[in-house]
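Numbers restart at 1 for each chain; the letters A, B, ... are given by sequence-line order, proteins then strands.
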Amino acid sequence: MLAKIHVTLKNGVLDPQGKAVNSALNDLGFKEVRNVQIGKYMEVLLDGVSESEAQKRVKEMCDKLLANTVIETYRFTLDSSKK
Amino acid sequence: MLAKIHVTLKNGVLDPQGKAVNSALNDLGFKEVRNVQIGKYMEVLLDGVSESEAQKRVKEMCDKLLANTVIETYRFTLDSSKK
Amino acid sequence: MKCGVVVFPGSNCDHDCYHVLKHVFGFDTRWIWHKDEDLGGLDLAVLPGGFSYGDYLRPGAIAKFSPIMKAVARHARDGGKVLGICNGFQILVEAGLLPGALMRNRSQKFVCKNAYVRVENADTPFTSECGGKRVMKVPIAHADGNYFIDPDDLGRITDNGQVVLRYCTPDGEVSEAANPNGSVQNIAGVVNEKKNVLGMMPHPERCSDPLWPDLDGQLIFKSLLHCA
Amino acid sequence: MVKAHGLTPDEYRRILDLLGRAPNLTELGIFSVMWSEHCSYKSSRPLLKTLPTEGPRVLQGPGENAGIVDIGGGMAAVFKIESHNHPSFIEPHQGAATGVGGILRDIFTMGARPVALLDSLRFGDLSEPRTRYLLNGVVDGISSYGNCVGVPTVGGEIYFDSCYNGNILVNVFCLGLIKADKIFRGNAAGVGNAVIYVGSKTGRDGIHGASLLASSEFDETTEEKRPTVQVGDPFTEKLLLEACLEIMKHDWVVGVQDMGAAGLTSSSFEMAGRAGTGVELDLSKVPLREEGMTPYEILLSESQERMLFVVRQGHEADALAVFKKWDLNAAVIGRVTEGHSVKILHAGEIAAQLPVSAVVDGALALQRPSQRPQYLDSITELDLTGLKTPERGDEALKKLLAAPNIAGKRWVYEQYDHMVRLNTLILPGSDASVIRVPGAQKALAISADCNSRYCYLDPYQGAQIAVAECCRNVVCAGGEPIGVTNCLNFGSPERPEIMWQFEQAVLGMGDACRFLEIPIVSGNVSFYNETKGEAIFPTPTIAVVGLLEDQKRHCVQWFQKPGDLVALAGFSMEELGGSEYLKLTFDSCRGPVPNLDLPQEKKVQRFCLRSIREGLVSSAHDCSEGGLAVALAESCFTGPRLLGARIEMESTLRSDALMFGETQSRVLISFPRENKEALETLAREGGVEFSVLGSVEGERLTVRIDGEDYIEQDVRVLKKIWDESLERYGR
Ligand SMILES: Nc1ncnc2c1ncn2[C@@H]1O[C@H](COP(=O)(O)OP(=O)(O)O)[C@@H](O)[C@H]1O
Ligand SMILES: [Mg+2]
């Protein structure tokens with residue numbers, strides 16, 4: 001089972017990285033860029049768990065470690081075709 | 001137009017961060033975790049560009065700045081519903 | 001010797017490099033602002049350590065587009081010398097002036113301490129005073145010093161003598177225990193094919209002022225002087 | 001709504017009196033933050049007034065962004081310590097990072113270049129996973145911010161005790177250097193002058209971070225719009241730092257203040273208050289990060305990396321050009337006006353208009369009741385006869401060396417760039433760090449200290465000891481203490497027992513500084529460090545700056561040469577109360593704290609400083625937690641070279657008290673044999689007890705007491721225990 005997890009900053013939280021990349025892109029001539037947000041993408045491979053179990057466990061992993069829920073939110077999908 | 005970009009390490013490039021998170025998860029009792037890979041997820045908001053233009057421009061942004069093609073690959077999708 | 005220290009937004013070791021070049025070695029040294037477009041007849045351009053553009057996205061990723069980098073590339077192509085230290089090294093690999101990439105340390109943490117490096121090739125303008133696999137004690141201070149290069153290129157740069165510094169024990173043994181950041185084959189510094197561009201993670205400018213007991217960094221600057 | 005703003009009915013009545021009308025919502029918000037404990041010091045002010053703040057070197061005492069002390073040769077040292085405890089408990093990485101950012105701005109706002117940081121940290125039990133998470137996050141946050149800005153973090157302190165389980169402490173100290181005639185202050189002087197905003201755009205970060213919570217005007221959706229945690233942007237801070245120091249070279253810069261707690265509100269009101277002027281601001285001109293922000297939100301936002309400048313009329317464009325060079329947002333947002341009020345415009349309307357003095361000086365100073373806490377009745381005595389003395393000290397020594405409060409802090413300071421800018425003459429790992437003054441022969445020694453266990457057992461004496469120990473650390477590095485800053489971390493001032501602790505600690509600190517003749521030039525108070533009625537130990541963190549006229553005459557704590565003699569300056573008493581040994585071996589936190597005899601302390605420090613200045617000693621290390629035995633062991637193995645020592649002592653004290661007791665006013669020194677007589681003479685003249693204990697030799701530490709072996713260990717083994725203990729808790 002492969003969990004694909006996106007962790008992004010909550011609304012309104014300053015994203016200094018996104019800001020810097022935004023202005024770098026503008027300076028490089030990509031004037032059409034209006035906003036950039038940078039987050040994390042993780043793939044976690046799980047062994048021998050059912051989909052419903054995985055659902056619960058991955059949520060727990062995110063809450064405990066993968067996301068900093070004070071400033072970040074997360075979402076994930078499960079892909080049971082991957083071993 | 002919103003470009004959703006995933007930047008991940010190439011195959012064969014050791015992912016020290018993924019490894020560290022993997023063993024942290026194992027230590028926390030998530031014994032079912034077998035592998036973790038960590039990449040970046042970026043959302044770039046573009047003003048007034050057509051889909052085909054965006055396709056070209058975002059690829060250029062990735063090649064030039066958003067990914068380091070020595071170690072990373074990227075893929076992206078475009079969402080024209082976002083302003 | 002005419003030297004220039006490039007100041008990027010977020011450069012931190014610019015003053016340190018300037019101080020050592022100018023006041024310890026007496027080189028004719030000046031500042032170069034990253035928005036400048038030429039190097040004005042320098043012998044040596046130094047890209048100092050620090051956090052250019054906050055190291056946001058990837059260290060060196062944004063700085064490689066500063067206007068001055070075109071001039072640095074021209075200077076390198078024409079055989080001028082370029083020394084990139086720490087963040088300077090990261091900028092040089094991002095700009096493609098040196099092979100490989102610098103990734104996050106294996107420990108995931110910033111590390112500031114003394115390291116030992118062995119000089120693998122004394123036949124470069126930066127290391128001519130370091131023959132006999134000289135071991136130097138030089139401070140490191142970085143979070144992204146984990147050198148990566150794919151196996152084919154690794155073979156090529158090794159055969160070419162482009163691997164100039166490797167982390168080692170105080171006795172010069174290149175071992176896993178002496179590797180502070182996970183770099184491939186303990187690589188701490190590389191040169192380009194023509195050997196006029198050196199990138200290194202350790203900070204020679206931090207052990208060159210006689211105010212301190214450790215002075216191994218002087219070897220790099222003395223080599224440059226010797227070659228000039 | 002008044003209550004939701006954390007104002008009492010009395011305070012609200014006072015607002016009505018001062019204004020002669022009811023405030024609107026924005027104005028109420030302004031009063032609420034400016035009269036909060038954090039900004040107004042309403043509970044602490046009366047006591048802080050008793051502190052000694054003057055001295056011949058003082059160029060700026062408390063009241064400005066930081067204190068300033070003259071170091072001669074036209075140079076001055078600027079320094080302050082500040083807390084970021086609550087934010088760091090909520091989000092350790094960002095909380096600690098923005099703490100570093102805030103204290104840096106306090107220093108460079110005055111025109112000084114920050115040259116060094118210290119961090120003073122307190123965490124709960126390391127066996128708690130939450131503690132380890134907080135520890136890793138805080139260290140990571142400090143490292144990421146300080147390293148990126150390029151200011152070295154050269155030292156600090158770190159303690160663990162269960163009293164901090166629910167309230168960690170993150171105090172950060174910053175030292176800057178300035179030309180004594182180029183000091184900038186937060187003055188909005190000169191009617192017609194421009195008020196310029198520079199730095200990050202304003203977002204909805206941490207509104208009411210400094211005071212209490214929101215108003216009823218906010219609806220349910222507000223929560224998600226209004227993150228309470230501020231995220232630091234060290235890159236912008238670095239640009240701000242360089243731009244500020246560049247612009248301050250011009251004589252048309254009139255005043256500067258950073259936007260810290262209570263953001264634009266406190267900076268504008270305080271600057272007008274100091275200059276006796278008024279200010280008019282147009283909030284429509286403020287660079288905003290988010291859409292639809294109200295005047296209330298703009299005024300109270302605590303977005304980081306922002307400053308307010310007052311620039312002479314006609315030089316607006318010059319100022320903006322400098323900021324543009326550094327890629328910073330900047331805008332002229334107002335003017336200095338006549339009269340004595342701050343007028344806030346937004347979208348062409350008056351959003352607020354308030355008399356400056358009402359806001360800045362109007363807060364009622366509270367005489368909070370104080371009462372000696374009951375717990376003290378039962379824990380201030382210690383019956384030593386009930387405690388069994390071990391035959392030998394080896395096991396106790398090893399146990400102490402592994403204790404997180406004593407073990408080496410390498411795991412922490414290796415994550416900090418402590419060398420950048422090439423000024424760190426003594427790196428972290430010795431009693432105090434030493435920073436050279438570029439372009440001069442001088443150097444400055446800095447240290448931060450507080451043993452809060454002592455303060456819990458006796459806040460008056462504990463605070464005195466914190467001052468004495470901090471000075472002693474600085475002296476051991478060769479510095480003459482010239483200035484103090486402090487960060488007073490306590491529980492809720494609304495509880496009389498806490499007020500009593502606070503009062504005692506302030507009096508103790510003041511008396512010690514007065515006696516040792518060092519002025520307190522800046523500081524910070526952090527109350528409400530308690531969870532569910534459990535307050536932390538009183539923790540008055542002290543930081544001291546010491547001057548070395550000759551930077552070459554600095555001294556380290558570790559032994560230098562085999563053959564050197566080892567001696568103790570000062571004398572040991574049978575004191576185990578409050579010690580780490582008592583806690584570790586007998587699981588007891590009680591007893592009279594070590595005695596502190598200030599005249600004796602002063603004599604020891606003078607002797608120590610003199611012998612370092614005259615080049616007589618090879619090393620000097622103060623005896624603190626773990627006592628003489630730990631000091632000896634550390635002197636053996638903290639240097640670049642491991643060296644053993646052979647020690648012989650005679651004593652009438654219990655051996656464990658002699659070796660592990662924490663008697664104050666003691667310094668362990670080593671020196672070449674030929675200097676013995678000179679040192680003995682100095683000691684005799686200075687009225688200091690001086691006893692040669694043995695010599696530096698071999699690779700083992702052996703201690704014999706009254707002819708019996710007490711400790712006999714391989715120094716390498718001891719070092720390993722001490723060095724590797726803390727990193728086990730790292731991530
Ligand atoms: N949190 C910290 N950050 C950086 N350095 C630290 C920290 N804690 C301790 N150190 C360093 O470790 C050494 C020992 O600290 P400490 O045990 O507090 O010394 P002392 O008891 O002499 O005050 C000092 O050099 C100090 O600067
Ligand atoms: Mg000490």
* Which heavy atom of C:Phe51 sits nearest a heavy atom of D:Phe235, and at what distance? -> O-CD1, 4.3 Å

* Asked: For D:Lys719, does the NZ atom have more than 12 heavy-atom neighbours from other residues, nucleotides or ligands under 6.0 Å away?
  -> yes

* Please examine the side chains of C:Lys109 and D:Val139, heavy atoms only from C-beta on, and report whether any two atoms are closer than 4.5 Å. => no

* Structure fact -> Okay, D:Asn423 and chain C: the region with an atom under 4.5 Å from a heavy atom over there is backbone

* To do: Take atom CD of D:Glu699 as the centre, draw a 6.0 Å sphere, and report whether it contains more than 12 heavy atoms from other residues, nucleotides or ligands.
  => no

* Asked: Using non-hydrogen atoms only, which part of C:His19 is less than 4.5 Å away from chain D: side chain, backbone, both, or neither?
  -> side chain

* With side-chain contact (heavy atoms from CB on, under 4.5 Å) as the test, would you mind laying out the steps for D:Val420 and C:Arg206 before giving the verdict? => CA-CA 8 Å; D:Val420 61; C:Arg206 292 189 181 188; 3.5 Å; yes

* Quick one: are C:Val111 and D:Gln415 in side-chain contact, heavy atoms under 4.5 Å? -> no

* Structure fact -> Looking only at heavy atoms, the pair that brings C:Asn12 and D:Val149 closest together is OD1-O, 3.4 Å

* Asked: If you tally heavy-atom pairs under 4.5 Å against chain C, which of D:Leu425, D:Leu239, D:Leu241, D:Val151 wins?
  -> D:Leu425

* Structure fact -> chain C shares the most heavy-atom pairs under 4.5 Å, among D:Ser143, D:Pro438, D:Ser144, D:Cys148, with D:Cys148

* Structure fact -> Shortest non-hydrogen pair, C:Leu211 vs D:Gln551, comes out as CD1-OE1, 3.3 Å

* To do: Could you tell me whether a side-chain N or O of D:Trp326 sits under 3.5 Å from a main-chain N or O of C:Pro9, the two making a donor and an acceptor?
  => no

* First locate atom CG of C:Asp55, then atom CG of D:Asn147, and finally report the distance between them rounded to the nearest 0.5 Å. => 10.5 Å

* Verdict with supporting geometry, D:Asp140 and C:Gln108, side-chain contact (heavy atoms from CB on, under 4.5 Å) -> CA-CA 10 Å; D:Asp140 207 43; C:Gln108 304 297 301; over 6 Å; no

* Toward chain D, the part of C:Tyr53 with a non-hydrogen atom under 4.5 Å -> both

* **Contact summary for D:Lys325 and C:Lys35, nearest pair of heavy atoms** => O-NZ, 3.3 Å

* Mark yes or no for whether D:Asp417, through its side chain, and C:Cys112, through its backbone, hold a donor-acceptor pair below 3.5 Å. => no

* When D:Glu414, D:Lys238, D:Glu237 are compared by non-hydrogen pairs under 4.5 Å with chain C, the top option -> D:Glu414

* By a 4.5 Å heavy-atom criterion (distance strictly below it), what part of D:Arg436 contacts chain C: side chain, backbone, both, or neither? -> side chain

* Which atom of C:Trp212 lies closest to which atom of D:Thr424, heavy atoms considered -> NE1-O, 3.1 Å

